[in-house]
Amino acid sequence: MRTAPVIPVLVIDDAAKARPLAEALVKGGLRVLEVTMRTPAALEAIREMKKVPGAIVGAGTVVNTQQFEQVMKEDAEFIVSPGLTDRLGDAIVKSGVPYLPGIANAGDIMRGMDLGLSHFKFFPAETSGGLKALKALAAPFYQAKFCPTGGISLASAPEWLAFDPVLCVGGSWIASGSLEEVEAKAREAAALPR
């Protein structure tokens with residue numbers, strides 16, 4: 001979460017495009033890449049992106065232990081989930097792989113803390129009350145750190161990143177357009193102050 005101010009959230013439909021996309025993102029300064037498990041191409045995309053020197057490739061939208069086992073076979077370097085269940089959280093924590101579970105309320109954070117976690121994905125950030133809601137949640141959980149994701153844009157990212165408990169933001173806006181445009185967006189995102 002401290003590698004770059006933005007983690008690209010990637011929905012990849014064609015695994016053949018995964019490696020060039022990863023190369024453009026890494027060249028632009030974003031090494032941490034979250035490949036969402038939303039498409040049939042996701043596992044192969046993880047495999048392809050891991051071939052890119054300097055890329056740190058993880059799996060996102062992991063919603064059950066079966067998906068967790070699948071992405072671990074592909075050597076995913078971190079796991080992100082849209083929510084937190086005891087069963088999934090327990091399995092991932094026991095594995096030792098870095099885990100960023102989605103939270104949207106105090107109960108979610110408490111469940112994560114019971115599992116020994118202190119870093120969370122605030123999701124969906126904008127529709128869950130935005131920065132105002134995260135500030136309210138962060139107050140009683142002063143030890144927690146966050147990666148807001150969902151509705152974040154280049155324009156709104158600086159405001160989120162200025163809040164101390166926010167270590168980075170997740171964003172899908174970076175991965176659109178040509179590879180040259182992706183690299184330029186990555187460079188712009190990597191330069192965001194935090």
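Computed from a predicted model, the values in this text were never measured in an experiment.
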Inset, instruction - Could you tell me which residues satisfy salt bridge (Lys or Arg N to Asp or Glu O under 4.0 Å) with K73, sequence neighbours excluded, listed by chain and number? - result: none

Legend entry - Those residues that, when tested against E126, pass salt bridge (Lys or Arg N to Asp or Glu O under 4.0 Å) (two or more places apart): none

Legend entry - Minimum side-chain heavy-atom gap V9-T149 below 4.5 Å: yes

Legend entry - Test item: Q70 and M37 side chains (from C-beta on) under 4.5 Å apart, heavy atoms: yes

Inset, instruction - Among V80, I79, L115, find the residue that satisfies the side chain to side chain contact (heavy atoms under 4.5 Å, CB included) test when tested with Y99. - result: I79

Legend entry - Modelled atom types, side-chain donor and acceptor of S81 and K121, under 3.5 Å: no

Inset, instruction - Under the side-chain contact (heavy atoms from CB on, under 4.5 Å) rule, what do E188 and L154 come out as? Steps first, then yes or no, please. - result: CA-CA 8 Å; E188 199 173 22; L154 179 63; 3.2 Å; yes

Minimum heavy-atom distance between [X] and [Y], given as atom pair plus value:
| X | Y | answer |
| --- | --- | --- |
| G107 | N105 | N-OD1, 3.0 Å |
| A125 | P148 | CB-CB, 3.9 Å |
| G151 | S156 | O-OG, 4.2 Å |

Inset, instruction - Please indicate whether M110 has more than 12 foreign heavy atoms, meaning atoms of other residues, nucleotides or ligands, lying under 6.0 Å from its CE. - result: no

Legend entry - More than 12 heavy atoms from other groups under 6.0 Å of NZ on K17: no

Flag yes if [X] and [Y] sit in one hydrophobic cluster, no otherwise; membership is Ile, Leu, Val, Met, Phe, Trp, Tyr, and two members link when side-chain heavy atoms are under 4.5 Å apart.
| X | Y | result |
| --- | --- | --- |
| L30 | V35 | yes |
| L117 | V97 | yes |
| I174 | L161 | yes |
| L10 | V169 | yes |

Legend entry - Derivation of the side-chain contact (heavy atoms from CB on, under 4.5 Å) call for F120 and C147: CA-CA 6 Å; F120 303 96; C147 176; over 6 Å; no

Regarding [X] and [Y], does a basic nitrogen lie under 4.0 Å from an acidic carboxylate oxygen?
| X | Y | result |
| --- | --- | --- |
| K50 | E77 | yes |
| K51 | E48 | yes |
| D114 | R111 | no |
| E183 | R187 | yes |

Inset, instruction - In sequence, state the C-alpha distance, the side-chain angles, and the governing distance for W160 and I152, and then conclude on side-chain contact (heavy atoms from CB on, under 4.5 Å). - result: CA-CA 9 Å; W160 287 97; I152 310 290; 3.2 Å; yes

Legend entry - Stepwise side-chain contact (heavy atoms from CB on, under 4.5 Å) test for I109 and F146: CA-CA 11 Å; I109 297 171; F146 301 93; 4.0 Å; yes

Legend entry - Backbone of L88 reached by a side-chain donor or acceptor of T65 within 3.5 Å: no

Legend entry - L25 backbone acceptor or donor facing R31 side chain under 3.5 Å: no

